[in-house]
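I have placed the structure first, in the form of structure tokens, so that the comments after it can refer back to it.
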Amino acid sequence: MTQSVSRRKILLGAAALAGAANLPRKASAEGKGRIVVGTWGGDYARLLNKNIEVPILIKDGWEVVQDQAGDPERRSKMLAEARLPRGTSDVQGLSALNMAQMHDAGTVLAIDYGKLKNAPNLLPSMKYPYGVGHIYSGKVGVFNPKLIPTAPVSYKDVFDPKHGNKLGIIDIQYQYTMVCAALAAGGKVGDLEPGKKLLLECKKAGMRIYPTNEAFAQGLKAEEFGIGVMWKARVVQWQNAGIPVTAIAPTEGTLAYISGFVIPKNAPDKDGGYAYLDAMLEKSAQEAFAVDMGYNPTVTNAVIAPDLNKRIGFTPEEIKKLVDLDYDYMNKNDVDFKEWWDKELKS
């Protein structure tokens with residue numbers, strides 16, 4: 001977060017949100033109002049502030065408040081607040097999977113793309129009826145050649161119990177990790193049972209579980225482990241930071257990942273929510289996220305340098321093999337998956 005932004009304007013965490021939620025929401029003469037943004041913490045929250053909030057929204061007179069938490073906690077909060085006439089957030093950052101889940105639960109607003117001046121530049125695949133795609137990447141195999149001398153070529157190679165405690169996974173990415181493991185075990189996006197069995201075998205062999213993406217990166221840097229799965233975009237970040245990690249597109253097909261935003265039906269400031277969606281689609285913001293975070297833009301007018309595009313993008317052949325989630329299957333079983341992950345895998 002840039003030091004030039006006052007603590008009054010950028011309040012991080014649930015405690016700050018609790019106080020802010022009780023303040024008047026009406027825009028003052030000096031500003032347009034307050035936008036409360038539900039988001040993950042860490043690098044993503046920092047770069048939202050750096051590339052969207054400070055240079056576009058705050059500059060334009062908005063006050064922005066980040067409510068940082070994991071997506072399971074924020075989704076639970078949205079469900080709990082759904083019965084209220086007024087919620088506590090104006091936009092929520094979620095994966096495409098979880099945007100669909102919140103839509104099915106009836107908690108999010110249908111997007112009026114006529115309110116977004118940047119909508120004509122948005123890729124058609126990123127125009128959900130209930131949410132807007134912000135950035136996208138794919139779940140690739142990652143490894144440190146020093147610790148894993150034989151390069152993996154597949155999810156099956158990554159989720160091999162022979163790696164023991166040299167295999168690491170990320171707690172907050174339980175959904176995508178379970179799907180990758182299922183593909184590794186010969187399962188499908190609509191059948192994760194083979195993957196659950198494989199993950200338990202890896203756990204027995206010593207697999208490490210890191211709480212966050214940042215903790216996973218620190219483990220890689222410290223050479224605590226040498227192989228796992230991660231968004232290709234993050235790998236670019238880590239390479240830029242000098243972490244010795246290499247990425248491979250798995251032969252089973254790379255699991256696609258899209259991160260976007262929704263507006264809760266009971267958002268206190270829906271105009272603020274739309275302002276945030278439009279700001280995140282600005283050419284400058286999209287290009288900055290590609291450079292800073294390694295994610296692919298979702299707008300057609302963003303210009304990415306060829307060398308960077310080669311690092312963060314995918315070949316035509318890899319694009320053809322991108323694997324999408326079975327949203328209906330995942331949403332119907334998400335509670336059971338999370339319970340299994342917490343009680344069986346993590347215990």
Side-chain angles (χ1 to χ4, degrees), residues 95 97 137-239 243-257 294 311-312 314-315 317-319 321-325 330 337 340-341 344-346:
S95 68
L97 168 63
S137 189
K139 198 77 160 176
V140 296
V142 298
F143 71 104
N144 180 339
K146 176 182 176 182
L147 301 179
I148 310 294
T150 301
V153 299
S154 62
Y155 288 136
K156 183 178 180 180
D157 289 346
V158 172
F159 289 96
D160 190 331
K162 74 178 183 183
H163 295 306
N165 65 3
K166 295 303 180 184
L167 169 63
I169 61 173
I170 302 171
D171 184 24
I172 64 171
Q173 293 193 14
Y174 71 96
Q175 295 162 317
Y176 288 88
T177 301
M178 289 176 70
V179 177
C180 290
L183 296 175
K188 303 176 181 178
V189 291
D191 177 17
L192 303 194
E193 292 305 314
K196 290 161 70 174
K197 181 179 178 182
L198 179 57
L199 283 170
L200 289 175
E201 292 175 8
C202 292
K203 172 190 175 182
K204 186 176 180 180
M207 178 180 69
R208 299 172 184 265
I209 303 179
Y210 291 86
T212 64
N213 302 335
E214 290 75 20
F216 185 88
Q218 288 302 311
L220 271 175
K221 184 176 183 180
E223 298 185 352
E224 294 173 353
F225 71 102
I227 194 166
V229 291
M230 190 50 182
W231 314 127
K232 187 175 185 180
R234 288 278 183 155
V235 178
V236 174
Q237 276 185 278
W238 297 341
Q239 290 171 339
I243 297 176
V245 61
T246 300
I248 60 100
T251 55
E252 297 94 344
T254 304
L255 188 60
Y257 174 75
R311 294 178 67 200
I312 70 177
F314 297 90
T315 67
E317 293 75 21
E318 291 168 349
I319 291 174
K321 293 186 68 176
L322 284 173
V323 178
D324 205 359
L325 294 170
M330 295 297 292
F337 291 155
W340 176 86
W341 181 275
E344 300 294 328
L345 190 67
K346 288 172 58 181

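All of these numbers come straight from a predicted model, not from anything done at the bench. The chain is numbered in sequence order, starting from 1. These values consider heavy atoms only, across backbone and side chains, with no hydrogens, waters or symmetry-generated copies.
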Under the criterion salt bridge (Lys or Arg N to Asp or Glu O under 4.0 Å), I'd like the reasoning laid out for Arg234 against Glu214: C-alpha separation, chi angles, the key distance, then a yes or no.
CA-CA 10 Å; Arg234 288 278 183 155; Glu214 290 75 20; 3.3 Å; yes

Let's go through Glu193 and Lys196 carefully: what are the C-alpha distance in whole Å and the side-chain angles of both, what is the deciding distance for salt bridge (Lys or Arg N to Asp or Glu O under 4.0 Å) to 0.1 Å, and is it a yes or a no?
CA-CA 5 Å; Glu193 292 305 314; Lys196 290 161 70 174; 3.1 Å; yes

Next on the checklist: Please evaluate residues Trp340 and Tyr174 with respect to the criterion ring-ring contact (aromatic ring centres under 6.0 Å, His included), reporting the C-alpha separation (whole Å), side-chain torsions for both, the decisive distance (0.1 Å), and the verdict.
Outcome noted: CA-CA 10 Å; Trp340 176 86; Tyr174 71 96; 9.9 Å; no

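A distance of 13.5 Å separates NZ of Lys146 from OG1 of Thr246, quoted to the nearest 0.5 Å. Note that NZ of Lys166 and CD of Glu224 are 9.0 Å apart. Values are rounded to the nearest 0.5 Å. Here OG of Ser137 is found 4.5 Å from CZ of Phe314. Values are rounded to the nearest 0.5 Å. Taken to the nearest 0.5 Å, the SG atom of Cys180 stands 11.5 Å off from the CG atom of Leu198.
Around atom NZ of Lys203, more than 12 heavy atoms belonging to other residues, nucleotides or ligands sit under 6.0 Å away.
In this structure, the side chains of Leu147 and Ile227 stay at 4.5 Å or more apart for every pair of heavy atoms. Between Lys321 and Thr254 the shortest side-chain heavy-atom distance does not fall below 4.5 Å. In this structure, Val323 and Glu252 have side chains that are not in contact, with every pair of non-hydrogen atoms separated by 4.5 Å or more. Val189 places none of its side-chain heavy atoms less than 4.5 Å from the side chain of Asp324.
Among all heavy-atom pairs drawn from Ile209 and Leu345, the shortest one is CD1-O, 4.1 Å.
Ring geometry for Tyr176 versus Trp231: interplanar angle over 60°, hence perpendicular rather than tilted (30 to 60°).
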